[in-house]
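What follows is a single structure, written as structure tokens, with notes after it.
Order of the sequence lines sets the chain letters (A, B, ...), proteins ahead of strands, with each chain counted from 1.
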Amino acid sequence: MKYWLFKSEPNSYSIDDLKKDKKTHWDGIRNYQARNFIRDEMKKGDLVLFYHSNAEPNAVVGVCEIVKEAYPDHTAFDPDSKYYDPKSKKDNPAWMMIDLKYKKKFKNPVELSTIKDNPKLKDMRLVQRGNRLSVFPIEKKEFNEILKMSGE
DNA sequence: GCCAACGTTGGC
DNA sequence: GCCAACGTTGGC
């Protein structure tokens, strides 16, 4: 089993939206490295930290779980979608998505600033310079450390 | 709002 | 195949 971190801007989709929806499909990934993680490595049962970016404050705000493994991202086929990509064909989809289930929202979000201050988390991609991936793997010990910092 | 970082595009 | 231009991400 693997552990992941997903970034989302709360004004487009927040942990509260996921809590309300209970489950969602993670569409709109249009980066090949992220796509490869989704397609090749994410498995049902993997746990995901949900992170708010461009937020006040930026923070890990909860946990969710992968409940469906990679399948074609249908928004790439839809000319009306902002994620439309004519290069993605139905018989050879370029982009994939997974389904996520809500698990918990932290009472105390773990802020980016405190993550940066924790030497145990210095190797996380989240705090590395220039990291722009919106989904990426994290270590089990990093996942557990964030949980510990949240007090959950 | 600024800007550094970095992925993608397209001309050559 | 190189690389400049451009667009996007995301912290500050």
In whole angstrom, give the distance that lies between atom [atom1] of [X] and atom [atom2] of [N].
X: A/K87; N: B/dT9; atom1: NZ; atom2: P; result: 5 Å
X: A/Q33; N: B/dT8; atom1: CD; atom2: P; result: 9 Å
X: A/E56; N: C/dG11; atom1: CD; atom2: P; result: 11 Å
X: A/R125; N: C/dG10; atom1: CZ; atom2: P; result: 13 Å

Can you figure out which of [options] approaches the side chain of [X] most closely?
X: A/R132; options: B/dT9, B/dC6, B/dG7; value: B/dC6
X: A/S53; options: C/dG11, B/dC6, B/dG7; value: C/dG11
X: A/K116; options: C/dG11, B/dT9, B/dG7; value: C/dG11
X: A/Y32; options: B/dC6, B/dT8, C/dG10; value: B/dT8
X: A/L112; options: B/dT9, C/dG10, C/dC12; value: C/dC12

Indicate whether the side chain of [X] and that of [Y] have a donor and an acceptor atom separated by less than 3.5 Å.
X: A/D21; Y: A/Y13; result: yes
X: A/E111; Y: A/N58; result: no
X: A/R30; Y: A/T75; result: yes

### Query
A/N131 or A/N54: which one's nearest nucleotide on DNA chain B is closer to the 5' end?
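Here A/N54 is the residue nearer the 5' end.
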### Query
Between A/K104 and A/F106, is NZ or CZ placed under 6.0 angstrom from the six-membered ring centre and within 45° of the ring axis?
no
